[in-house]
Amino acid sequence: MTITERARAKINLTLRVLGRRADGYHTLESLIVFADVGDDVRFHSGAPTAVRMHGRFAEAIAGGNLIDTALARLAAADPELTLGSVEVEKLLPIAAGIGGGSADAAAVLRAVRRVNPESVAPWDDIAARLGADVTVCLANRSSFVWGVGERIAPAEGLPLLHAVLVCPMGAAPMGKTRAVFSQLSLSPAGPTVDPEPLPRFTDVAGLIDYMRSIGNDLNAPALAVTPVCAEVEAALKAVTGCLYVALSGAGPTSFGIFADADSARAAAASLQAQHPEWWVAPVVLGE
């Protein structure tokens, strides 16, 4: 049996970093949505366990990856699971702040779960131990996330957003995320408490107002570590019709919000023509 899952790009519409735990993990709050672009993950159940990468960005991945770790932890959690081989068409840029590796691992978890519907493997626990974004990528729906990424609640009723994603290729240095977080002056994290419920958003303007009021605590640190992010933000803001610009996660991918699909496609075409070295994608964000 072959199962195909789309590992969609994860976008942080907002991101607050609340503190640093004694174990080095950071507590946060983030409103996360998914784009209609992603990697294609094919799981061949019963085949010898192996992972093959191909596609535009496959060559940027060297050695083992999060999918290998996910398969190993699944086998340890439930030796009776039917596992298999994985093929990934890598269409999302690497280390881009849009959760590509986390989304791939989560897609494999979903595929294995579909093949093994009777298994009582601790799917959410395995996801949480793989990385901060894997739990929400496993859920694969708009969510509000808190704690160290392991606590999520569905963010229902969000308006769809027409957007353009822009990643300046080759901009992210090794260890970029750690370097970005190290720029923050943080207090020790206190006990994790449930956040206030999200407001009800009746239109795009209301959601943008909320996004602007919260922002992304990693924006300034990311600009310090990867200065080209400022050029990307400026280019997006300069495009006709752009309503709002922000950084996703620790970057270097930024996103701009537009009123409709035609405006987003026109903006993407203009940006790609001006900067052919950048990865540019017009997308819809949300369910």
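If you read the sequence from its start, that first residue is 1, and numbering goes on from there.
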Check: Donor-acceptor pair, Ser30 side chain versus Thr14 backbone, under 3.5 Å?
Finding: yes
Checklist line | Step-by-step side chain to side chain contact (heavy atoms under 4.5 Å, CB included) determination, Asn65 to Met53 | finding: CA-CA 10 Å; Asn65 60 70; Met53 297 276 181; 3.5 Å; yes
Checklist line | Close side-chain approach of Lys237 to Cys242, heavy-atom, < 4.5 Å | finding: no
Notebook entry, point to check: With side chains defined as the heavy atoms from C-beta onward, is the minimum distance between Met169 and Pro93 less than 4.5 Å?
Noted result: yes
Next item on the list: In sequence, state the C-alpha distance, the side-chain angles, and the governing distance for Arg56 and Trp279, and then conclude on side chain to side chain contact (heavy atoms under 4.5 Å, CB included).
Entry: CA-CA 11 Å; Arg56 177 179 176 184; Trp279 178 76; 3.4 Å; yes
Notebook entry, point to check: Under the criterion side-chain contact (heavy atoms from CB on, under 4.5 Å), which of Val280, Val239, Val283, Val245 is the partner of Val164?
Noted result: Val280
Notebook entry, point to check: If you look at every heavy atom in Leu31 and Ala155, which pair is closest and at what distance?
Noted result: CD1-CB, 3.8 Å
Note to self: Enumerate the salt bridge (Lys or Arg N to Asp or Glu O under 4.0 Å) contacts for residues 266-280, please, sequence neighbours excluded, ordered by first and then second residue.
What the structure shows: none
Note to self: If you compare all heavy atoms of Ser248 against all heavy atoms of Ile11, which two are closest, and at what distance to 0.1 Å?
What the structure shows: OG-CA, 3.5 Å
Side-chain polar contacts of residues 96-112 - donor-acceptor pairs under 3.5 angstrom, sequence neighbours left out - could you list them?
residue: Asp104; atom: OD2; partner: Lys90; partner atom: NZ; Å: 2.7
residue: Arg110; atom: NE; partner: Glu5; partner atom: OE1; Å: 3.0
residue: Arg110; atom: NH1; partner: Cys137; partner atom: O; Å: 2.8
residue: Arg110; atom: NH2; partner: Glu5; partner atom: OE1; Å: 3.2
residue: Arg110; atom: NH2; partner: Arg6; partner atom: O; Å: 3.2

Item checked: Residues that Asp78 engages under side-chain hydrogen bond (donor to acceptor under 3.5 Å, both in side chains), provided they are two or more places apart -> Ser119
Notebook entry, point to check: Quick one: are Asp133 and Val145 in side-chain contact, heavy atoms under 4.5 Å?
Noted result: no
Margin query: Tell me whether Arg42 contacts the main-chain N or O of Thr2 through its side chain, where contact means a donor paired with an acceptor under 3.5 Å.
Written below: no
Note to self: What's the separation between atom CG in Asp40 and atom CD in Glu87, rounded to the nearest 0.5 Å?
What the structure shows: 11.0 Å
Notebook entry, point to check: Is the closest side-chain heavy-atom distance between Val134 and Ile126 below 4.5 Å?
Noted result: no
Margin query: Show every ring pair (Phe, Tyr, Trp, His ring centres under 6.0 Å) that has at least one partner inside residues 242-273, sequence neighbours left out.
Written below: none
Check: Please, which pairs that meet ring pair (Phe, Tyr, Trp, His ring centres under 6.0 Å) have at least one residue in residues 107-144, sequence neighbours excluded?
Finding: none
Notebook entry, point to check: By side-chain hydrogen bond (donor to acceptor under 3.5 Å, both in side chains), which residues pair with Gln183, not counting sequence neighbours?
Noted result: none
Margin query: Under the rule for ring-ring contact (aromatic ring centres under 6.0 Å, His included), what residues qualify as partners of Tyr210, not counting sequence neighbours?
Written below: Phe201
Next item on the list: Return each pair, listed once, that meets ring pair (Phe, Tyr, Trp, His ring centres under 6.0 Å) where at least one residue sits in residues 20-39; pairs must be two or more places apart or across chains.
Entry: His26-Phe181
Margin query: side chain to side chain contact (heavy atoms under 4.5 Å, CB included), that's the test. Do Leu285 and Leu13 meet it? Break it down for me.
Written below: CA-CA 10 Å; Leu285 302 178; Leu13 296 184; 4.3 Å; yes
Item checked: Residue of the set Leu165, Val166, Leu247 for which side-chain contact (heavy atoms from CB on, under 4.5 Å) holds with Thr253 -> Leu165
Next item on the list: Identify the two heavy atoms, one from Ala75 and one from Leu83, that lie closest to each other, and give their separation to 0.1 Å.
Entry: CB-CD1, 3.8 Å
Margin query: Please check this pair: side chain of Asn116 against backbone of Leu81, looking for a donor-acceptor N/O pair closer than 3.5 Å.
Written below: no
Note to self: Can you confirm whether Gln274 is buried at CD, in the sense that more than 12 heavy atoms of other residues, nucleotides or ligands lie under 6.0 Å from that atom?
What the structure shows: yes
Next item on the list: Using salt bridge (Lys or Arg N to Asp or Glu O under 4.0 Å) as the criterion, list what pairs up with Asp217, not counting sequence neighbours.
Entry: none
Check: Can you check whether His162 reaches Arg265 side chain to side chain, under 4.5 Å on heavy atoms?
Finding: no
Next item on the list: Could you give me the CA-CA distance, side-chain angles and deciding distance for Ile214 and Glu29, then say whether side chain to side chain contact (heavy atoms under 4.5 Å, CB included) is met?
Entry: CA-CA 10 Å; Ile214 303 298; Glu29 292 180 354; over 6 Å; no
Item checked: Residues which pass ring-ring contact (aromatic ring centres under 6.0 Å, His included) with Trp278, listed by chain and number, not counting sequence neighbours -> His275
Checklist line | Min side-chain heavy-atom separation Asp209-Arg212 under 4.5 Å | finding: yes
Next item on the list: Using the test side-chain hydrogen bond (donor to acceptor under 3.5 Å, both in side chains), find all partners of Ser142 that sit at least two apart in sequence or belong to another chain.
Entry: Glu287
Check: Are Cys229 and Glu233 close enough that some pair of their side-chain heavy atoms sits under 4.5 Å apart?
Finding: no
Next item on the list: Could you grab the distance from atom OG1 of Thr135 to atom CZ of Arg129, nearest 0.5 Å is fine?
Entry: 10.5 Å
Next item on the list: Work out which heavy atom in Pro221 is nearest to a heavy atom in Leu184; give both atom names and the distance.
Entry: CG-CD2, 3.6 Å
Check: Can you tell me how far OG of Ser254 sits from CG of Asn216, rounded to the nearest 0.5 angstrom?
Finding: 9.0 Å
Next item on the list: Taking the side chain as every heavy atom from C-beta outward, state whether Met1 and Thr82 have any pair of such atoms under 4.5 Å apart.
Entry: no
Check: Do side-chain atoms of Asn12 reach the backbone of Ile32 as a donor and acceptor pair under 3.5 angstrom?
Finding: no
Item checked: side-chain hydrogen bond (donor to acceptor under 3.5 Å, both in side chains) against Trp146, all qualifying residues, sequence neighbours excluded -> Asp194
